[in-house]
Amino acid sequence: MDFKKQLKEGLLTKNPVLVQLLGMCSVLATTTSLFNGVGMGLSVTAILICSNVLISALRKVIPSQIRIAAYIVIIAGFVTVVDLLLQAYIPTLSESLGMFIPLIVVNCIILGRAEAFASKNTVVASAVDGLCQGIGYTVALVIMCVIRELLGAGTLGSGLLNGGEGYRIIAEGYPASQMVQPVGGFLTLGFVIAFFQWFNRRRNHQKKEAGGK
Amino acid sequence: MTYGQVLLGILISAVLSENFILVKFYGICPFMGVSKKIDTALGMGMAVTFVMALASAACYAVNLLLIRLELQYMQTVAFILVIASIVQVVEMFLKKMVPALYKALGIFLPLITTNCAVLGVALVNAQQEYDFLQSVINGACGGLGFTLAIVLFASVRERVDKADCPQCFRGYPLALIAAGLIALAFMGFSGLKIF
């Protein structure tokens, strides 16, 4: 098992959001402030680790014909647990994420990792995979949040840093509020993915040149 | 406000001002994945509309049962199971009875189970406490809004794919930016109130 390689895959080469383009609904909808983004990222990471572990532990018991249905039930169970926990302990987060907490059930990242990784690997490897992919997802959300919140609301980390008020970078009245609306979500994700493609291509190019010498 | 006006309000808002994809962000995966050609986009849209209307009706009944048993916290689990079985039944039914339609929609059907829009509409119906007719209209019109958005997007994308742009913007980034511009157009509907 290679923790470093898996972490690198989750963060860079196989980032679930920026390279594989999975789970886009939540990425676009919840990245209006750092508080929402981090909350969503951590919830998904927790569910991903739990469902990966359970599915991997049951991988020899579940018949392959009904495996997708079984995975969905397992994932839905964990999502319900997280939903109820958030409602009880962090009601503000639960309110601002709204429908997107129950909708984690149909987040392609979780079902995708269950099918592609957890159903074929050991429990420990699956847990690590869940953690790494979850970190990759959270990092992508945080990048989106920082850009959108800064341009759209002019603040940094409202609800999370500086006693919940966040740091005001752009004076009130100047930020472009479109950035925290749907338009801004699409535009920001487009530019972030374009930057990522450029970055990955450059890295491959450099590697090839170094190998050529 | 009469009952008919309420229904009309739900209809308009589901298609335009609260469009499932461009305003609420439900169902972005098929929106990006199956929008390379207008024909396939239309097929996907029709299949989603059909399943959304059926799922709204079925989940309404299931929700009544859950409320009766005081098991509302099981909504997510119950709804996703209902949707998965509806998709399975529809697939088998079409395969047997209407093979032509099955050929056209077949490959899209399994994808619909994991479409946020279908689970989303069931949860919205339950949350807003819509009655049976309102639920079905919300489901069907939400599906029509989905079809409208995905067909518009596919027709834009067919042209955008041929555009000469920087290498790193090829494919998804440019498609996302195009989607952003469509969403900007749909923002124009945001203040729309009928009554």
Side-chain angles (χ1 to χ4, degrees), chain A residues 18-19 21-31 66 68-69 71-84 87 98-112 178-179 181-202, chain B residues 19-33 73-81 83-85 88 110-124 126-127 153 165-187 190:
Chain A
L18 302 174
V19 179
L21 293 137
L22 298 174
M24 312 253 281
C25 306
S26 53
V27 174
L28 291 169
T30 60
T31 50
I66 56 153
I68 301 289
Y71 297 162
I72 287 181
V73 174
I74 291 171
I75 295 166
F78 284 118
V79 170
T80 308
V81 170
V82 168
D83 190 13
L84 294 177
Q87 277 178 26
M99 217 54 101
F100 284 93
I101 294 283
L103 283 180
I104 296 176
V105 178
V106 284
N107 192 320
C108 328
I109 296 173
I110 299 177
L111 198 60
Q178 280 79 11
M179 289 306 282
Q181 277 164 343
V183 190
F186 283 115
L187 291 182
T188 314
L189 188 59
F191 280 105
V192 171
I193 292 175
F195 175 77
F196 227 72
Q197 287 191 355
W198 173 79
F199 180 78
N200 271 345
R201 183 162 302 155
R202 222 179 79 132
Chain B
N19 188 289
F20 266 71
I21 293 182
L22 297 168
V23 180
K24 284 182 168 171
F25 288 132
Y26 296 158
I28 300 287
C29 296
F31 181 65
M32 299 304 298
Y73 61 89
M74 291 297 282
Q75 257 175 5
T76 316
V77 181
F79 287 177
I80 191 72
L81 278 176
I83 290 165
S85 19
Q88 195 72 49
L111 282 174
I112 293 175
T113 314
T114 54
N115 186 339
C116 315
V118 183
L119 183 60
V121 80
L123 289 167
V124 167
Q127 193 192 38
F153 182 52
C165 65
Q167 192 106 60
C168 58
F169 274 96
R170 294 257 160 87
Y172 281 112
L174 204 59
L176 277 166
I177 290 167
L181 296 180
I182 301 175
L184 189 65
F186 266 74
M187 260 173 71
S190 63

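Note that the coordinates shown come from a computational prediction; the quantities given were computed from them, not determined experimentally. Just so we're on the same page: letters track the sequence lines, and every chain starts at 1.
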Identify which of Gly190(A), Gly98(A), Ala76(A), Ser26(A) forms the greatest number of heavy-atom pairs closer than 4.5 Å to chain B.
-> Gly190(A)
What part of Ala179(B) is in contact with chain A, defined as an atom under 4.5 angstrom from a non-hydrogen atom: side chain, backbone, both or neither?
-> both
Checking heavy atoms, do the side chain of Val124(B), its backbone, both or neither come under 4.5 Å from chain A?
-> both
For chain A, the option from Tyr172(B), Phe79(B), Phe186(B) that forms the most heavy-atom pairs under 4.5 Å | Tyr172(B)
Under 4.5 Å between any side-chain heavy atoms of Phe191(A) and Pro173(B), yes or no?
-> no
How many angstroms lie between atom CD1 of Ile109(A) and atom SG of Cys29(B), to the nearest 0.5 angstrom?
-> 8.5 Å
Looking at side-chain heavy atoms only, is the closest gap between Met32(B) and Leu21(A) below 4.5 Å?
-> no
Under 6.0 Å between ring centres, would you say that holds for Phe195(A) and Phe169(B)?
-> no
Is the CE atom of Met187(B) crowded by more than 12 outside heavy atoms at less than 6.0 Å?
-> yes
Phe186(A) and Ile177(B), any side-chain heavy atoms less than 4.5 Å apart = no
Step by step, work out the side-chain contact (heavy atoms from CB on, under 4.5 Å) result for Lys24(B) and Met99(A).
-> CA-CA 10 Å; Lys24(B) 284 182 168 171; Met99(A) 217 54 101; over 6 Å; no
Enter the distance from Met24(A):CE to Cys116(B):SG here, rounded to the nearest 0.5 Å.
-> 11.0 Å
Between atom CG of Leu187(A) and atom CG of Leu181(B), what is the distance when rounded to the nearest 0.5 Å?
-> 6.0 Å
Which heavy-atom pair separates Gly120(B) from Leu103(A) by the least distance, and what is that distance?
-> N-CD2, 3.8 Å
In terms of heavy-atom proximity below 4.5 Å to chain A, should Ser85(B) be classed as side chain, backbone, both, or neither?
-> neither
Which answer fits Leu189(A), side chain, backbone, both or neither, if we ask what part of it has an atom under 4.5 Å from a heavy atom of chain B?
-> both
Check whether any side-chain heavy atom of Ile80(B) sits under 4.5 Å from a side-chain heavy atom of Val106(A), and report yes or no.
-> yes
When rounded to the nearest 0.5 Å, the distance separating CD1 of Ile28(B) from SG of Cys108(A) is 11.0 Å
Bottom line for Ala69(A): the part with an atom under 4.5 Å from chain B's heavy atoms is neither
CG of Leu119(B) to CD1 of Ile104(A), rounded to nearest 0.5 Å, is 11.5 Å
By a 4.5 Å heavy-atom criterion (distance strictly below it), what part of Gln87(A) contacts chain B: side chain, backbone, both, or neither?
-> neither
Got a second to check how far Leu84(A)'s CG is from Thr76(B)'s OG1, nearest 0.5 Å?
-> 8.5 Å
Side chains of Gln197(A) and Gln167(B): does their closest heavy-atom pair fall under 4.5 Å?
-> no
